[in-house]
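See structure below.
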Amino acid sequence: MHELALTESILRIAVEAAKENQAQKVLEIRIKIGAYSGVVPQYIQEYFNIVSRGSIAENAHLLIEMIPARVECGSCGAVTEVERFRSKCGACGSTDVKLLSGREYYVDSLEVE
C-alpha cells in the first residue's frame, strides 16, 4: 500500500514543477524504479489514475523505466546484474556482494504544455 503515498508524491512533484514553469498541463511523467525498490509499477499507474483526477496532471502518461539491480562482488570484483532475491555474483557465484543500483525510485523528467 506504500505505492499510494509514493504516487501522491509523484503527483505533487509533477504539479509543482509544472506550475513553477507556468505550464497548464502535465502530459507525461517519466519515472525510474529500481528492481529492489519494492515498488509495483502497476499499482503506481492505477493509483495515479485516481489521485490525479481534477489536477493539471489528469490523464498524464506515466512512463516507467525499471532500473536493474547491479552488484559488485567482494570476491572477484565483477559488476553484474542480478535478479530480485538472487543476490550473488553473476561471474563467480559468490554471495559476498554489494548492491550498486536497484533501490532507486524517482521522477526523472516531465513533459508539459
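In this chain, residues are counted from 1 in sequence order.
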So do the side chains of [X] and [Y] get within less than 4.5 Å of each other, counting heavy atoms only?
X	Y	result
L4	Y43	no
Y47	L11	no
L27	V112	no
P68	S101	no
I29	I10	yes

So which atom in [X] and which in [Y] form the shortest heavy-atom distance, rounded to 0.1 Å?
X	Y	value
Y105	T7	OH-N, 4.5 Å
A57	V15	CB-CG2, 4.4 Å
L110	A17	CD1-CB, 3.5 Å

Salt bridge (Lys or Arg N to Asp or Glu O under 4.0 Å) partners for [X], two or more places apart:
X	value
E28	R30
K32	E65
E81	none

[atom2] on [Y] to [atom1] on [X], rounded to 0.5 Å:
X	Y	atom1	atom2	answer
I50	E58	CD1	CD	12.0 Å
Q24	I56	CD	CD1	7.5 Å
F48	R53	CZ	CZ	11.5 Å
E3	Q45	CD	CD	13.0 Å

Heavy-atom donor-acceptor pair, [X] side chain to [Y] backbone, under 3.5 Å:
X	Y	result
E8	L6	no
E113	A23	no
S55	V51	no
S37	I33	no

Not counting sequence neighbours, which residues clear side-chain contact (heavy atoms from CB on, under 4.5 Å) with E16? List them please.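 Scan of E16 (side-chain contact (heavy atoms from CB on, under 4.5 Å), adjacent residues dropped) gives R12.
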Any residue meeting side-chain contact (heavy atoms from CB on, under 4.5 Å) with S75, in chain and number order, not counting sequence neighbours: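 Scan of S75 (side-chain contact (heavy atoms from CB on, under 4.5 Å), adjacent residues dropped) gives C73, C92, S94, D96.
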So does E46 have more than 12 non-hydrogen atoms from other groups sitting under 6.0 Å from CD?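 Atom CD in E46 is packed in, count exceeds 12.
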Does NZ belonging to K98 count more than 12 external heavy atoms closer than 6.0 Å?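 Open: at most 12 neighbouring heavy atoms sit under 6.0 Å from NZ of K98.
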I13-L63 co-clustered via ILVMFWY side chain contacts under 4.5 Å: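 No, I13 and L63 fall in different hydrophobic clusters.
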Go through the steps to decide whether I67 and Y106 satisfy the test side-chain contact (heavy atoms from CB on, under 4.5 Å), and finish with yes or no. CA-CA 11 Å; I67 299 172; Y106 58 94; 4.2 Å; yes
Hydrophobic side-chain clustering at under 4.5 Å (ILVMFWY, transitive links): who's grouped with V82? Put none if nobody.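 Joined to V82, directly or through intermediates: Y36, V71, V97, L99.
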